[in-house]
Amino acid sequence: MESTERSGRGQSATERRRRELLEAAERIVLRDGPDASMNAIAAEAGITKPILYRHFGDKGGLYRALAVRHTDALLANLRTALDAPVLRRDRVEATLDAYLLAIEARPQVYRFLMHPAEGDNASESGFDVGRHSAPLLRRLGEELAKVITDRLDLGPGAELTARVWGHGIVGMMHGAGDWWLRERPCSREQLVAQLTDLLWGQLAAVEDRVDGPGF
């Protein structure tokens with residue numbers, strides 16, 4: 001019993017320390033964006049780089065931990081928007097706005113997660129952001145597909161249709177959001193309205209599932 005309690009305390013301390021390191025990493029990412037380095041993160045946390053490697057393995061491991069942290073938060077916001085007690089079109093607008101607001105509020109974090117540094121450190125030159133960001137987008141697509149499957153009556157082939165729509169909508173949000181964040185050609189509200197118009201043709205015509213919570 002004593003060894004189990006010690007193990008539990010040790011695990012809790014490790015998790016707490018990992019969270020503290022992730023918070024230090026976020027502060028550097030908010031400052032430096034894609035140029036955030038393991039050296040700078042270690043210095044911010046008051047530790048040496050080998051200790052940082054011990055917790056995350058390499059920059060890819062740290063990236064994945066930050067990606068999970070921010071994807072979880074984003075998905076929670078998207079679900080809140082989808083569950084709002086308003087008309088379907090308003091929920092579509094709110095969901096698109098939740099995504100765009102997230103990247104607008106923390107553009108440096110978004111750039112770290114989605115864009116490689118132009119002048120990466122030699123010791124970290126093997127880090128491929130594109131290889132790591134693709135699973136993040138796939139996860140968003142699959143999560144949205146589950147929502148669509150649960151809420152809309154898509155008839156025969158519903159699962160495939162839901163996955164096509166889920167990944168297509170995420171691709172649209174990502175592509176349009178990336179362009180918008182870089183160029184700022186219009187307000188966020190204007191972009192949301194335009195994207196909603198683009199989606200609305202099919203979504204307006206599909207009935208809710210009888211046994212589902214409604215879309």
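It should be emphasised that the depicted structure is a prediction, and the values quoted were computed from it without experimental measurement.
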[X] side chain near [Y] side chain, heavy-atom distance below 4.5 Å:
{"X": "W200", "Y": "R88", "answer": "yes"}
{"X": "K146", "Y": "R151", "answer": "no"}
{"X": "V109", "Y": "H70", "answer": "yes"}
{"X": "F112", "Y": "Y63", "answer": "yes"}
{"X": "V206", "Y": "W165", "answer": "yes"}
{"X": "L199", "Y": "L195", "answer": "no"}

Under the 3.5 angstrom rule, does the side chain of [X] hit a backbone N or O of [Y] as a donor-acceptor pair?
{"X": "D58", "Y": "G61", "answer": "yes"}
{"X": "R188", "Y": "E104", "answer": "no"}
{"X": "R91", "Y": "V86", "answer": "yes"}
{"X": "W180", "Y": "C186", "answer": "yes"}
{"X": "R106", "Y": "L30", "answer": "no"}
{"X": "Y99", "Y": "L78", "answer": "no"}
{"X": "Q194", "Y": "L191", "answer": "no"}

Evaluation steps, side-chain contact (heavy atoms from CB on, under 4.5 Å), between E142 and R163: CA-CA 7 Å; E142 289 296 328; R163 293 186 74 192; 2.6 Å; yes
If you measure from [atom1] on [X] to [atom2] on [Y], what distance do you get to the nearest 0.5 Å?
{"X": "E23", "Y": "I28", "atom1": "CD", "atom2": "CD1", "result": "13.5 Å"}
{"X": "I41", "Y": "L22", "atom1": "CD1", "atom2": "CG", "result": "9.5 Å"}
{"X": "S37", "Y": "K49", "atom1": "OG", "atom2": "NZ", "result": "7.5 Å"}
{"X": "L140", "Y": "L144", "atom1": "CG", "atom2": "CG", "result": "8.5 Å"}
{"X": "L74", "Y": "R139", "atom1": "CG", "atom2": "CZ", "result": "9.5 Å"}
{"X": "I47", "Y": "L52", "atom1": "CD1", "atom2": "CG", "result": "4.5 Å"}

Salt-bridged, [X] to [Y], with N to O below 4.0 Å?
{"X": "E20", "Y": "R17", "answer": "yes"}
{"X": "R69", "Y": "E26", "answer": "yes"}
{"X": "R89", "Y": "D197", "answer": "yes"}

[X] versus [Y], closest heavy-atom pair with distance:
{"X": "M172", "Y": "L96", "value": "CE-CD2, 4.0 Å"}
{"X": "A162", "Y": "L154", "value": "N-CD1, 3.9 Å"}
{"X": "A65", "Y": "R18", "value": "CB-NH2, 3.6 Å"}

Step-by-step side-chain contact (heavy atoms from CB on, under 4.5 Å) determination, M114 to I103: CA-CA 11 Å; M114 292 297 176; I103 68 174; over 6 Å; no
Pair Y110, D178: side-chain N/O donor-acceptor within cut-off below 3.5 Å: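 There is such a pair (donor and acceptor under 3.5 Å, judged by atom type) between the side chains of Y110 and D178.
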Within one Ile-Leu-Val-Met-Phe-Trp-Tyr cluster: L137 and L181, side-chain cutoff 4.5 Å: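 Yes, L137 connects to L181 through the hydrophobic network.
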Exceeds 12 heavy-atom contacts within 6.0 angstrom, atom CZ of R182: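 Counting neighbours around CZ of R182, 12 or fewer heavy atoms of other residues, nucleotides or ligands fall under 6.0 Å, so no.
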L62 vs Y53, side-chain contact (heavy atoms from CB on, under 4.5 Å): CA-CA, chis, key distance, verdict: CA-CA 9 Å; L62 176 63; Y53 282 135; over 6 Å; no
Verdict with reasoning, L82 to V147, per side-chain contact (heavy atoms from CB on, under 4.5 Å): CA-CA 9 Å; L82 284 165; V147 170; 3.7 Å; yes
